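Structure first, then comments.
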Amino acid sequence: MTGGQRPAKLGFGGAAIGNLYRPVGEEAARATIDAAWDRGIRAFDTAPHYGFGLSERRLGDALAERDPDGTAFVSTKVGRVLQPVPDRDLGRERQGFVSPEPVESAFDYSRDGVLRSFDASLRRLRRDRIDLLLAHDLGAMTHGADAGAQMATFLDGGYPAMRALREAGVTGAIGIGVNEIAVCEELLDQIELDAILLAGRYTLLEQGALDSLLPRCQAMGVRLILGGPYNSGILATGTGGNARYNYDAAPATIVRRVDAIAAICARHAVPMAAAALQFAMAHPAVDTVIPGMADAEEVTQSLALAALPLPPALWHDLIDAGLVRADAPVPSSETA
């Protein structure tokens, strides 16, 4: 694959340009989006929650210039509304973001909340249509004991609103963007979904989605997008320093597993991040993988990792060590 060609399935995850965990300046964010566009990336995912509108605004401003005809595929999310917080210290991390926006997000899966969120996203993104609209962070992992009540609100109000938006043609498709498998299965039992964005649950570390969800998506024709291919960073950085897993400090069991993966990758002179990204891209059910990109260098790195030739022996050793399931599709050649 030539250096300027976009590897199949690679898209742009927009949380980082919303100042996830650390500030990213306006010029750096714009340079990141420009680099992605210049290197052929055309799928961009964002959400109102990412920097409390910051990620959407930055993406909208850049694409208004780079893509005036609206050829890019843009997905965003509903399920949260932004509320003013005039008393917050905007220089500190809030809900995971260091954002200058004087608002914060609050869950609202009601019909009114979904419609208000969608209209605000259109304004920030400077578009009259969203290609894919996803209900954000349903499920017990986010809501705990309140998950059932939030789900009921969504099914009674938010989901019918999303269907109405699709029927009106202002979004091309609807789905969910979540961090857990169980809620995907629950909703597939009850409603029609065009797409699922699943973050962190089908990776080099976690392959439980092979049991049912991925085959089910294939059988039902549900488009699958994978976020978090590095499990919040630990599969890219390794276990040293402030390694994050699932947006938090990595537990000892995960550290041991990552160290074992890293040792096999090192034995084959393969960056672990390349193995992680290409593993996520290899499953035929997966339409797009959207690693977060915080600067132009990370765009270049992502493209290089996605195109790096990997030896088949790497996958054999990971499978033999019990780190990759034998039924998991892996890149089939040295030019993944």
Side-chain angles (χ1 to χ4, degrees), residues 6 10-67 70 72-78 80 82 90-105 117 120-127 130-134 136-137 177 179 197 199-200 225-233 236-237 244 247 273 277 288-306:
R6 177 176 70 89
L10 189 66
F12 183 97
I17 61 165
N19 292 10
L20 181 63
Y21 304 132
R22 61 184 176 90
V24 175
E26 291 289 338
E27 291 185 4
R30 176 57 189 265
T32 307
I33 301 166
D34 283 342
W37 184 265
D38 289 340
R39 296 296 301 273
I41 291 175
R42 294 294 182 268
F44 297 84
D45 177 73
T46 184
H49 181 55
Y50 300 161
F52 318 125
L54 186 64
S55 174
E56 286 185 322
R57 177 180 61 76
R58 286 171 162 175
L59 183 61
D61 288 349
L63 291 183
E65 294 183 22
R66 302 306 306 270
D67 183 32
F73 185 94
V74 175
S75 57
T76 194
K77 305 179 183 75
V78 291
R80 287 178 170 95
L82 300 182
L90 303 185
R92 298 175 64 88
E93 182 179 316
R94 298 173 289 132
Q95 300 179 5
F97 296 91
V98 185
S99 173
E101 303 299 317
V103 293
E104 286 181 11
S105 64
S117 178
S121 290
L122 287 180
R123 291 193 296 272
R124 285 188 293 267
L125 287 166
R126 300 173 63 176
R127 300 174 84 84
I130 300 298
D131 298 288
L132 172 61
L133 188 64
L134 302 163
H136 203 184
D137 284 342
N179 297 280
L197 194 168
I225 302 165
L226 292 183
Y230 307 125
N231 281 113
S232 299
T237 65
R244 293 180 184 267
Y247 312 106
L277 186 58
T288 313
V289 180
I290 50 169
M293 302 178 190
D295 55 45
E297 182 178 354
E298 288 189 2
V299 174
T300 300
Q301 289 173 346
S302 294
L303 287 152
L305 293 170

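Hydrogens, waters and symmetry mates are skipped; everything else that's a heavy atom, side chains included, is used. On a predicted model such as this, the values are computed, not experimentally measured, just so you know.
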Are [X] and [Y] close enough that some pair of their side-chain heavy atoms sits under 4.5 Å apart?
{"X": "Asp45", "Y": "Leu132", "answer": "no"}
{"X": "Arg124", "Y": "Pro48", "answer": "yes"}
{"X": "Ile290", "Y": "Leu197", "answer": "yes"}
{"X": "Leu54", "Y": "Phe97", "answer": "no"}
{"X": "Asp295", "Y": "Val24", "answer": "no"}
{"X": "Arg39", "Y": "Leu10", "answer": "no"}
{"X": "Arg126", "Y": "Leu63", "answer": "no"}
{"X": "Thr46", "Y": "Leu125", "answer": "yes"}

Distance-only, no hydrogens or angles: does the [X] side chain make a donor-acceptor pair with backbone N or O of [Y] under 3.5 Å?
{"X": "Asp131", "Y": "Val74", "answer": "yes"}
{"X": "Glu104", "Y": "Arg94", "answer": "no"}
{"X": "Ser117", "Y": "Arg80", "answer": "yes"}
{"X": "Ser55", "Y": "Gly14", "answer": "yes"}
{"X": "Arg58", "Y": "Ile17", "answer": "yes"}

How long is the gap from CG on Leu122 to CG on Leu133, to the nearest 0.5 Å?
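It is 9.0 Å, given to the nearest 0.5 Å.
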What is the distance from atom CG of Leu305 to atom OG1 of Thr300, rounded to the nearest 0.5 Å?
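The CG atom of Leu305 sits 10.5 Å away from the OG1 atom of Thr300.
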Determine whether Thr76 and His136 satisfy the following criterion, side chain to side chain contact (heavy atoms under 4.5 Å, CB included), listing intermediate values before the conclusion.
CA-CA 9 Å; Thr76 194; His136 203 184; over 6 Å; no
Check ion pair Glu65-Arg30 (N to O, under 4.0 angstrom):
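Counted as a salt bridge, because a side-chain N and a carboxylate O are separated by less than 4.0 Å.
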Answer yes when Arg57 and Glu26 have at least one side-chain N-carboxylate O distance shorter than 4.0 Å, and no when they do not.
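A salt bridge links Arg57 with Glu26.
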Is the number of heavy atoms from other residues, nucleotides or ligands under 6.0 Å of Glu93 CD greater than 12?
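Correct, the count exceeds 12.
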So, for [X] and [Y], which heavy atoms are closest and what is the spacing to 0.1 Å?
{"X": "Ala36", "Y": "Phe12", "answer": "CB-CD1, 3.8 Å"}
{"X": "Ala199", "Y": "Asn179", "answer": "CB-OD1, 3.4 Å"}
{"X": "Ala236", "Y": "Ala273", "answer": "CA-CB, 3.9 Å"}
{"X": "Glu101", "Y": "Gly51", "answer": "CG-O, 3.6 Å"}
{"X": "Leu134", "Y": "Gly177", "answer": "CB-N, 3.8 Å"}
{"X": "Leu277", "Y": "Ser302", "answer": "CD2-O, 3.6 Å"}

Checking side-chain hydrogen bond (donor to acceptor under 3.5 Å, both in side chains) between Ser121 and each of Arg127, Glu56, Lys77, which is the one that passes?
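Single pass found, and it is Glu56.
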What pairs of residues pass the ring-ring contact (aromatic ring centres under 6.0 Å, His included) test when at least one of them lies in residues 20-43, not counting sequence neighbours?
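Residue pairs passing ring-ring contact (aromatic ring centres under 6.0 Å, His included), neighbours aside: none found.
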Could you walk me through whether Asn19 and Ser99 pass side-chain hydrogen bond (donor to acceptor under 3.5 Å, both in side chains), step by step?
CA-CA 6 Å; Asn19 292 10; Ser99 173; 5.7 Å; no
